[in-house]
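Worksheet: the structure to be examined is printed underneath.
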Amino acid sequence: MKKLLSVLAVFMFFSVGSAKAVEIVSFNAASSEAYVGAFVKGIKKTAELYGYDLTVFENNYNQAEQNQQVEQYLASGALPDVFIWWPPDATAGLGSLRKLAKTGVPVLKINQLPNEQDKEYIFGYAGPDDSLRAYNAGEMMVKAMKMKQAAGGKGYNVIALSYPHSYGGYGLSINAFKQAIAGTDLNLIGDIGEGFGQANGYKGAAKLIAKVKDQGIHFVYGMDDAILTGGIKALEEAGYNVDWKAMDDDSVITVGTVCNGDKQMIEEGKQFGTTLQSPLHEGQLAIKLVQEYMENGKLAEYINFTPNPSVTAATMDFTALIGFDGKLYGIDELCSGAWK
Amino acid sequence: MQDLISSYKKNLLLSILLTFFVLLFLYGIFATNNYFTWFNFKTIIRDAALYGIMAIGLTFVTLSGNFFLLSIKETAAICCVSFAMGMSTGYGVESWVGNFPISLLVTLLIGCLAGAAQGLFIGLGGNPIVVTLGGAGILYGIATWWTDNLVISFRRPNDAEWLGTGSFLGLPTITWSFILIAILAEFVLRYTNFGRKVYLVGSNRAAGKATGHENLSMAIIVCTICSALCAFVAVAFAAQMSSAQANYFSAEFGSSGDMTILVIATVMVGGNSIMGGYGNTIRTSIGAIFIAMIDNMMVLNGLNSGPRIVGVGLMIVFSILVFALYAKGSRAQE
């Protein structure tokens with residue numbers, strides 16, 4: 001009997017004494033998309049580094065699917081220490097967020113900036129700054145315009161190849177871009193939101209070119225580089241000389257963001273520049289914020305942006321970030337498109 | 001005269017619908033700036049070519065009475081990444097002819113195998129929808145696994161550029177391909193034994209079986225044709241972009257919606273019978289151009305993606321309604 005009691009005492013000591021690993025559940029988009037795939041790698045590796053348990057529920061950019069996943073997870077009765085929430089549509093997903101928050105488990109919002117409705121249910125935000133990213137793109141375009149003017153080139157009409165206009169990041173991006181080019185000679189004459197990715201970028205640009213060809217196209221703003229890469233193909237097929245170095249009246253200068261397109265576009269002079277937006281860094285930042293919250297019960301900053309510096313052919317070989325795992329990452333590892 | 005009035009009365013609803021649509025269409029065309037230009041014509045045909053070629057392949061499946069393949073975009077996805085892998089790495093094999101021929105052959109082979117495997121299960125009695133849904137999952141899963149969710153790029157200049165961005169007599173290569181494939185497919189359906197068998201098996205499977213024309217071989221062949229054409233489009237698209245990713249043909253946010261649904265819609269808008277045995281590839285090609293024309297017109301009128309999706313949806317409903325009424329009218333006259 002004494003022996004049995006001693007075994008039980010030792011068992012209870014270790015049960016109470018061992019620290020429970022932090023459990024995180026992340027609801028995010030499908031990792032089959034390159035950007036999300038890199039994000040998921042970022043959260044998984046960093047969680048592993050910190051010894052956290054991470055479970056990921058992926059949806060196909062579909063809020064209804066995510067809502068169902070939230071329902072099913074909560075119905076299982078299991079509760080983690082932290083939820084990570086990346087909504088495809090924050091407004092349509094508000095009900096799910098409320099349910100997650102109602103459990104008492106803290107929620108960290110990812111990728112889409114908090115709005116008036118959801119900010120009371122989350123303890124912080126980690127992700128890109130759509131406005132800064134687009135503003136930087138606008139500033140790069142203004143710089144390119146001044147170089148063109150200095151070289152004697154004329155023509156300042158701009159077209160925008162955008163996200164779908166119903167997507168949350170669209171409004172922030174286009175407004176910031178317009179703000180950056182306001183007061184200059186640049187004139188936005190067309191804006192199309194055909195969809196994400198190169199295929200939609202190509203299709204949207206081809207249609208928009210047909211619409212505004214008569215007015216002349218001199219500058220193109222791609223809301224992300226994948227869309228812009230498709231757009232550049234459409235411009236070239238339409239007979240445009242896409243080369244910022246030409247600096248003449250007929251050539252087209254393009255600027256993108258997110259660095260999820262094709263590195264070769266910048267190397268060949270078809271794209272003046274982009275802005276860095278690293279999904280790997282975004283994933284690492286998310287787990288870093290979870291760690292900060294678990295240690296302090298709050299975050300030093302409610303909004304936490306990933307860095308969005310401008311990148312051009314002149315700077316891309318020197319652009320790097322130190323990750324939250326202490327490693328130095330070059331741009332080829334940080335970007336999510338065809339950069340390797 | 002009495003016959004004419006009687007026929008008009010029987011087709012009254014159809015006539016009103018068609019008249020209304022033609023007027024709306026003409027108004028749209030003439031009220032739209034930059035619509036009637038050579039450049040815009042090329043844009044429309046180029047746009048229609050991608051899903052038009054896939055839809056021509058799917059027409060064989062539909063005409064043979066095997067409904068649809070729901071794995072269109074997934075077949076294109078795996079072929080797209082296969083081609084890009086080959087172009088960038090040569091699959092690790094040294095080749096004196098360069099990477100393009102090997103990449104093209106391997107990719108077409110993958111497409112054919114994917115189609116043949118699905119055709120085999122359908123021919124053995126599997127439900128086409130269930131079989132191809134399963135096939136879609138497997139193909140897409142392999143594509144994302146193979147690429148590790150990354151964009152696979154190959155550097156320019158390369159041997160595939162003529163197919164992706166080349167042109168002849170002012171029209172892009174893919175547009176010429178669309179025209180040639182449409183003519184060839186129609187020739188095969190109309191003037192060859194195989195074409196006649198497609199209609200026979202599609203219109204009456206029991207009669208086909210009684211005359212020795214089993215659906216097993218037919219399902220394998222038509223699914224292989226469809227998947228091979230998907231592979232061809234995937235190659236052309238990857239060549240155009242000099243890169244590929246598993247989700248290049250997924251357009252969840254795009255105005256075109258899902259690629260598979262768009263291809264099926266093209267077959268439907270062309271007026272091909274969903275039950276098989278009736279239709280042709282010229283109808284499908286016209287359906288593809290028609291969808292591209294309407295979508296293009298809406299863009300030129302400044303409509304965003306929401307109204308355009310509604311527009312394409314309405315067009316599909318309209319086409320089905322018109323063809324249903326037409327079929328009813330024809331039977332009534334008989």
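The figures here come from the full heavy-atom set of this structure, side chains too, leaving out hydrogens, waters and symmetry mates. Residue numbers start from 1 in every chain, and the chains themselves are labelled A, B, ... in the order their sequence lines are given, proteins ahead of strands. Note that the structure is a prediction, hence the values are computed from the model and not measured.
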**Request:** Counting only heavy atoms closer than 4.5 Å, note whether A:A238 contacts chain B via side chain, backbone, both or neither.
**Result:** both

**Message:** Can you tell me how far apart CZ (B:F39) and NZ (A:K211) are? Round to the nearest 0.5 Å.
**Reply:** 14.0 Å

**Request:** Verify side chain to side chain donor-acceptor pair (under 3.5 Å) between A:Q198 and B:Q240, making sure each step is shown before the conclusion.
**Result:** CA-CA 10 Å; A:Q198 302 200 5; B:Q240 187 189 23; over 6 Å; no

**Request:** Heavy-atom distances under 4.5 Å only: say whether B:F41 touches chain A with side chain, backbone, both or neither.
**Result:** neither

**Request:** Considering non-hydrogen atoms only, spot the tightest contact between A:E237 and B:P172 and give its length.
**Result:** OE1-CG, 4.4 Å

**Asked** Nearest 0.5 Å, what's the CZ-OH distance between B:R46 and A:Y202?
**Response** 3.5 Å

**Request:** For a side-chain contact (heavy atoms from CB on, under 4.5 Å) with A:K207, tell me which candidate from B:D295, B:N40, B:I44 qualifies.
**Result:** B:D295

**Request:** Decide yes or no for A:I192 and B:V299: does some side-chain heavy atom of the first lie under 4.5 Å from some side-chain heavy atom of the second?
**Result:** yes

**Item:** Sequence neighbours excluded, every pair satisfying salt bridge (Lys or Arg N to Asp or Glu O under 4.0 Å) that has a member inside residues 139-153 of chain B
**Value:** A:K41-B:D148

**Asked** Relative to chain A, which segment of B:R156 carries a heavy atom at a distance below 4.5 Å: side chain, backbone, both, or neither?
**Response** both

**Asked** Roughly how far, to the nearest 0.5 Å, is CG of B:D47 from NZ of A:K203?
**Response** 5.5 Å

**Prompt:** Side chain, backbone, both or neither: which part of B:Y35 has a heavy atom under 4.5 Å from chain A?
**Reply:** neither

**Complete:** Filtered by a 4.5 Å non-hydrogen cutoff, the part of residues 256-269 of chain A contacting chain B is A:D262, A:Q264, A:M265, A:E267, A:E268

**Item:** Contact winner vs chain B - A:G230, A:A206, A:G204, A:G37, heavy-atom pairs under 4.5 Å
**Value:** A:A206

**Request:** Please examine the side chains of B:N34 and A:K213, heavy atoms only from C-beta on, and report whether any two atoms are closer than 4.5 Å.
**Result:** no

**Asked** By number, which residues in residues 75-88 of chain B have some heavy atom less than 4.5 Å away from chain A?
**Response** none

**Item:** B:T43 vs A:I209 side-chain heavy atoms within contact, under 4.5 Å
**Value:** no

**Contacts of type side chain to side chain contact (heavy atoms under 4.5 Å, CB included), residue A:N187, not counting sequence neighbours** = A:N157, A:I189

